[in-house]
Undergrad: 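Quick one: this structure, given as structure tokens, is what I'll be asking you about.
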Amino acid sequence: MGLPPPAPLLLGVLLLQGVLRPLWGDPVFVPSFIRMSSPVVSAFLVGVTENVSLALVRDEAGLLPVPACDMLNNETGDWSLTVTPSANVLEVTVRLKKGPQWCPSSETRSFPESPCVIQTLLVSASHNSSCLAHLLIQAEIYANSSLAHNASENMTVIPNQVYQPLGPCPCNLTAGACDIRCCCDQECSSDLRGLFRESCFTGVFGGDVNPAFDQLCSVQRARQVPDWFPFLCVQSPLANSPFLGHFYHGALSSRQHASFEMYLHTEPKDFSDFGYKQGDPVMTVNKIYFTIPQVSLAGQCVHSAPVAFLQNFDVRCITDLKVYQERDGITNLRIKTGLMGGIITPKVTYEEATDLDKFITSAEILLSDGSAPRNVTVEEHYVFRWNNNTISEINVKIIRAEINAHQEGIMTQRFTVEFLSYNSGNEKKTSGNPGYQVGRPVRALNTDGASNVTTLHLWQPVGKGLCTSATFKPVLFGENTLSGCLLNVGINENCSQLRETASELLNSLIQVTHVAMRGNSDYSDLSDGWLEIIRADAPDTGADLSVSSANGICLDVPSQLSIRILIADAGAVEGVAQQEILGAETRFSSVSWQFQCGLTCDEKANLLPLSVSVQFIKIPAQLPRPLTRFQINFTEYDCNRNEVCWPQLLYPLTQYYHGEPYSQCAAKGLLLLSFPMLAAFLSNPWARVCKAWSSATI
């Protein structure tokens, strides 16, 4: 079965030739050696293929074929050679011409021991009787290969599993071979099956695809069944099994595809001519999606994400200035309004960014040759005006920044989309009506009149995370959050000044005195559900402690602000639970700060981390009922600790069930009670009691 002795030497020469020849443009076969197990095999002749002739020869009497470069021979014995030309490439196909009847009858067993065809072929490419490249083919074809079964011409017939099982032998996993311990495999000979006849797979996997089901009347003789089984069993043949059609419903055609394949629409579906629905993508007149960069579920920024109708978002994308590319202009973009033939053009206004440190970090300017600066977009704000299921107006505000043409760094871009009603004005927004909605800002009020702050804030650090450049974001209802920033502190920092600076930074987040109990509390009416914020452990910045700042140590420096908000359910509106705030508390925590030195204490500043945490604590609307002594001692009857809840066995008949009127529950309960009484009357013990009673009376 192996190659003749000179084969390794010839194979090495051909492989070396195939590696070196492409270097100077000569033609070469790719691959140069093929081990053939099917009746058809193909290879490619690449390189300069003009005026190249091909010849096919096979071995004689066990000797390797001699290259034939002085003649054109496309057929030799049982083999044929075909060539399909293309651009600078020739596809060479070698095919076996004999049919399956060529194999001897002794070799057509399902489990052959030796190949049916074993030959060595050589394809030579020549020009003017000079050999240029060679393709060596070692053919080993078995009797039950695709040639014998002729699988390319017959389509596999998948049975209708409503009438017969889809896989009558599930353990037959290998095509054309015998699977060990699979007694239903038709490819196993009787001799092979006798080796494992006592260890065959059982059940459905072993071929018992139509087992006798429990409701069949014929199983009464083989199993222990109750006395009333003959009244409820089913008379049915095994061919009409309930397992048929249970595992698959739908088309019967088989299709194989990769598990990671993603189906994408070749053309966007456009239904905007009949009006938009919530969630529909906004379309342009060119029947493409109107896209704005958005953040995916994986946290990455998708630059071509469609804008959904009536869905607001506020996202930030991180971009490297090295690979930054300006988006296409929106000035000439025309968007469908939702009416047949309706078109609207966005109104765009431009502004210049004032503080680039909030948008660009790790900035570095390379040496330039005086090229002109470039503009980058740092923020885009879109406001859509909608009326019923149409868009009536689009306003866009783009904030740009001018940077050096060779500037490098990381830029943070912000994109916002907001849908407003066509008749909405400058009225103040609410966070719910009447209760709070999760994700809306917590409404706040400052009665001192020193500022017009209307909510609690958190830090949103940018750049290096310093407190001096951090921006604010509102506290959102129902979302526990933790944020912070870094404060520069020197070795000779005055402790009193440090405490005062840290306290001012933390107090800047809570410049309010009251929070709104409801999401629509009126700012002008303090009695409309406004709760005063409880301030606990306020820091004392005036007291100077004994330890001096000369040695770089400061005690009791405010470093953490904790905001705790109590919430609860306060009823429901049209089945939707309404939540309200019951109280809010702020608490400060202090740390002892010490300057961290390395080998030497330089004049470089250290960083003091400041943090703020927001926690929403939900309390029940009413206190739970206290546990009884029985519930405390006998925990096996506690429904919250066990899977089986015996106290709720008759739950529909108790006073805690309010799903139906009590009269209907009682009637249904009596009807269910009649079934076990009837079963007990028809049971064998009751019959014996009646028989004994009759004999006693006689």
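Just so we're clear, the structure is a prediction, and the values are computed from it rather than from any experiment.
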Undergrad: Got Leu509 and Val475 here, is their nearest side-chain heavy-atom distance under 4.5 Å?
TA: no
Undergrad: Got a donor-acceptor contact below 3.5 angstrom from the Arg414 side chain to the Val378 backbone?
TA: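 No, Arg414 side chain to Val378 backbone: no donor-acceptor pair under 3.5 Å.
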Undergrad: Could you walk me through whether Val442 and Ile581 satisfy the side chain to side chain contact (heavy atoms under 4.5 Å, CB included) test, starting with their C-alpha distance in whole Å, then the side-chain angles of each, then the deciding distance to 0.1 Å, before giving a yes or no?
TA: CA-CA 9 Å; Val442 175; Ile581 295 178; 3.9 Å; yes
Undergrad: Determine the minimum heavy-atom distance between Gly484 and Trp459, stating which atoms define it.
TA: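 Result for this residue pair: CA-CE3, 3.9 Å.
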Undergrad: Roughly how far apart are Thr430 OG1 and Arg440 CZ, rounded to 0.5 Å?
TA: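 If we round to the nearest 0.5 Å, Thr430:OG1 and Arg440:CZ are 6.5 Å apart.
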Undergrad: Using a distance-only test with no angle check, is there a side-chain donor-acceptor pair under 3.5 angstrom linking Gln413 and Thr319?
TA: yes
Undergrad: The test is side chain to side chain contact (heavy atoms under 4.5 Å, CB included); show your working for Val438 and Gln579 and say whether it passes.
TA: CA-CA 9 Å; Val438 177; Gln579 301 184 80; 3.9 Å; yes
Undergrad: So do Gln437 and Ser431 actually touch side chain to side chain, heavy atoms under 4.5 Å?
TA: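 A side-chain contact under 4.5 Å is absent here.
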Undergrad: Determine, stepwise, if the pair Asp320 / Ile410 fulfils side chain to side chain contact (heavy atoms under 4.5 Å, CB included).
TA: CA-CA 5 Å; Asp320 192 348; Ile410 304 300; 4.2 Å; yes
Undergrad: Are the side chains of Asp569 and Lys618 in touch, meaning some heavy atoms are under 4.5 Å apart?
TA: yes
Undergrad: Counting distance only, does the side-chain N/O of Glu402 pair as donor-acceptor with the main-chain N or O of Pro373 below 3.5 Å?
TA: no
Undergrad: With a 4.5 Å cut-off on side-chain heavy atoms, are Val396 and Ile330 touching?
TA: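 When only atoms from C-beta onward are counted, Val396 and Ile330 do touch, with a gap below 4.5 Å.
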Undergrad: Kindly indicate whether the side chain of Leu456, heavy atoms from C-beta on, has any atom under 4.5 Å from the side chain of Ile533.
TA: yes
Undergrad: Are Thr390 and Asn388 close enough that a side-chain donor and a side-chain acceptor fall under 3.5 Å?
TA: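 Note: Thr390 and Asn388 side chains miss the donor-acceptor criterion.
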Undergrad: Just how far is it from atom OG of Ser562 to atom CG of Leu506, taken to the nearest 0.5 Å?
TA: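 With rounding to 0.5 Å, OG (Ser562) is 10.0 Å from CG (Leu506).
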Undergrad: Working to the nearest 0.5 Å, report the span between OH of Tyr436 and CD of Gln578.
TA: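 With rounding to 0.5 Å, OH (Tyr436) is 12.5 Å from CD (Gln578).
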Undergrad: Assert yes or no for the condition that the ring centre distance of Phe29 to Phe44 is strictly below 6.0 Å.
TA: no
Undergrad: At their closest point, which heavy atom of Leu482 faces which heavy atom of Ser613, and how far apart are they?
TA: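 Minimum heavy-atom contact is CD1-CB, 3.7 Å.
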Undergrad: Does a side-chain heavy-atom distance below 4.5 Å link Leu81 with Thr93?
TA: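 They are not in side-chain contact.
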Undergrad: Quick one: are Ile318 and Cys301 in side-chain contact, heavy atoms under 4.5 Å?
TA: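 Of all side-chain heavy-atom pairs linking Cys301 with Ile318, none is under 4.5 Å.
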Undergrad: Asp528: what forms a side-chain hydrogen bond (donor to acceptor under 3.5 Å, both in side chains) with it, not counting sequence neighbours?
TA: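 With sequence neighbours excluded, Asp528 shows a side-chain hydrogen bond (donor to acceptor under 3.5 Å, both in side chains) to Arg518, given in chain and number order.
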Undergrad: In terms of relative ring orientation, are Tyr382 and Phe290 parallel, tilted or perpendicular, with 30° and 60° separating the classes?
TA: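 Perpendicular.
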Undergrad: Once rounded to the nearest 0.5 Å, what's the spacing between atom CD of Glu580 and atom CE of Met517?
TA: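 Answer rounded to 0.5 Å: 5.5 Å.
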Undergrad: Could you tell me if Thr513 and Thr447 have a donor-acceptor pair between their side chains, going purely by distance under 3.5 Å?
TA: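 Judged by distance alone, the side chains do pair up.
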Undergrad: Minimum heavy-atom separation for Leu135 and Ala43, please, with both atom names.
TA: CD2-CB, 3.8 Å
Undergrad: Rounded to the nearest 0.5 Å, how far apart are CG of Leu445 and OH of Tyr523?
TA: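 Atom-to-atom, Leu445:CG and Tyr523:OH are 7.5 Å apart.
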Undergrad: Strictly below 4.0 Å, N to O, side chains only: are Glu326 and Arg400 in salt-bridge contact?
TA: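 Yes, this pair counts.
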Undergrad: Can any side-chain N or O of Thr84 pair as donor or acceptor with the backbone N or O of Thr82 at less than 3.5 Å?
TA: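 Flag not set: sc Thr84 to bb Thr82 has no pair under 3.5 Å.
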Undergrad: Kindly determine whether Asn480 and Phe616 satisfy side chain to side chain contact (heavy atoms under 4.5 Å, CB included), including the steps that lead there.
TA: CA-CA 6 Å; Asn480 297 334; Phe616 288 85; 3.6 Å; yes
Undergrad: Using a 6.0 Å cut-off, check whether atom CZ of Phe472 has over 12 heavy atoms from anything other than its own residue.
TA: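 Yes, the 6.0 Å shell around CZ holds more than 12 heavy atoms from other groups.
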Undergrad: Under a 4.0 Å threshold between the charged nitrogen and the carboxylate oxygen, would Glu379 count as salt-bridged to Lys397?
TA: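 The answer is no: the pair does not qualify as a salt bridge.
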Undergrad: Should we say atom CG of Asn332 is surrounded by more than 12 heavy atoms from elsewhere, each under 6.0 Å from it?
TA: no
Undergrad: Taking the side chain as every heavy atom from C-beta outward, state whether Trp386 and Ser421 have any atom pair closer than 4.5 Å.
TA: yes
Undergrad: With no hydrogens and no angle check, do the side chains of Asp280 and Gln278 hold a donor and an acceptor under 3.5 Å apart?
TA: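 Result is no, nothing qualifies.
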Undergrad: With rounding to the nearest 0.5 Å, note down the distance linking CD1 in Ile335 to CD1 in Ile391.
TA: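 Spacing of CD1 (Ile335) from CD1 (Ile391) equals 6.5 Å.
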Undergrad: Is the closest side-chain donor-acceptor distance between Ser424 and Arg385 under 3.5 Å?
TA: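 There is such a pair (donor and acceptor under 3.5 Å, judged by atom type) between the side chains of Ser424 and Arg385.
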Undergrad: Heavy-atom count check: over 12 atoms from other residues, nucleotides or ligands less than 6.0 Å from Glu352 CD?
TA: yes
Undergrad: Is atom CZ of Arg327 surrounded by more than 12 heavy atoms (other residues, nucleotides or ligands) closer than 6.0 Å?
TA: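 Result for CZ/Arg327: enclosed.
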Undergrad: Identify the two heavy atoms, one from Ile510 and one from Arg535, that lie closest to each other, and give their separation to 0.1 Å.
TA: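 Scanning both residues, the minimum pair turns out to be O-NH2, 3.1 Å.
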Undergrad: For the residue pair Phe419 and Phe309, categorise the inter-ring angle as parallel (less than 30°), tilted (30 to 60°) or perpendicular (more than 60°).
TA: perpendicular
Undergrad: Which atom names give the shortest non-hydrogen contact between Leu610 and Cys467, and what distance separates them?
TA: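 In terms of heavy atoms, the two residues are closest at CD1-SG, 4.2 Å.
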Undergrad: In terms of side-chain heavy atoms, does Asn286 have a donor or acceptor partner in Thr284 at a distance below 3.5 Å?
TA: no
Undergrad: Do you know which two heavy atoms are closest between His381 and Thr416, and how far apart they sit?
TA: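 Heavy atoms only, the tightest pair is ND1-OG1, 2.8 Å.
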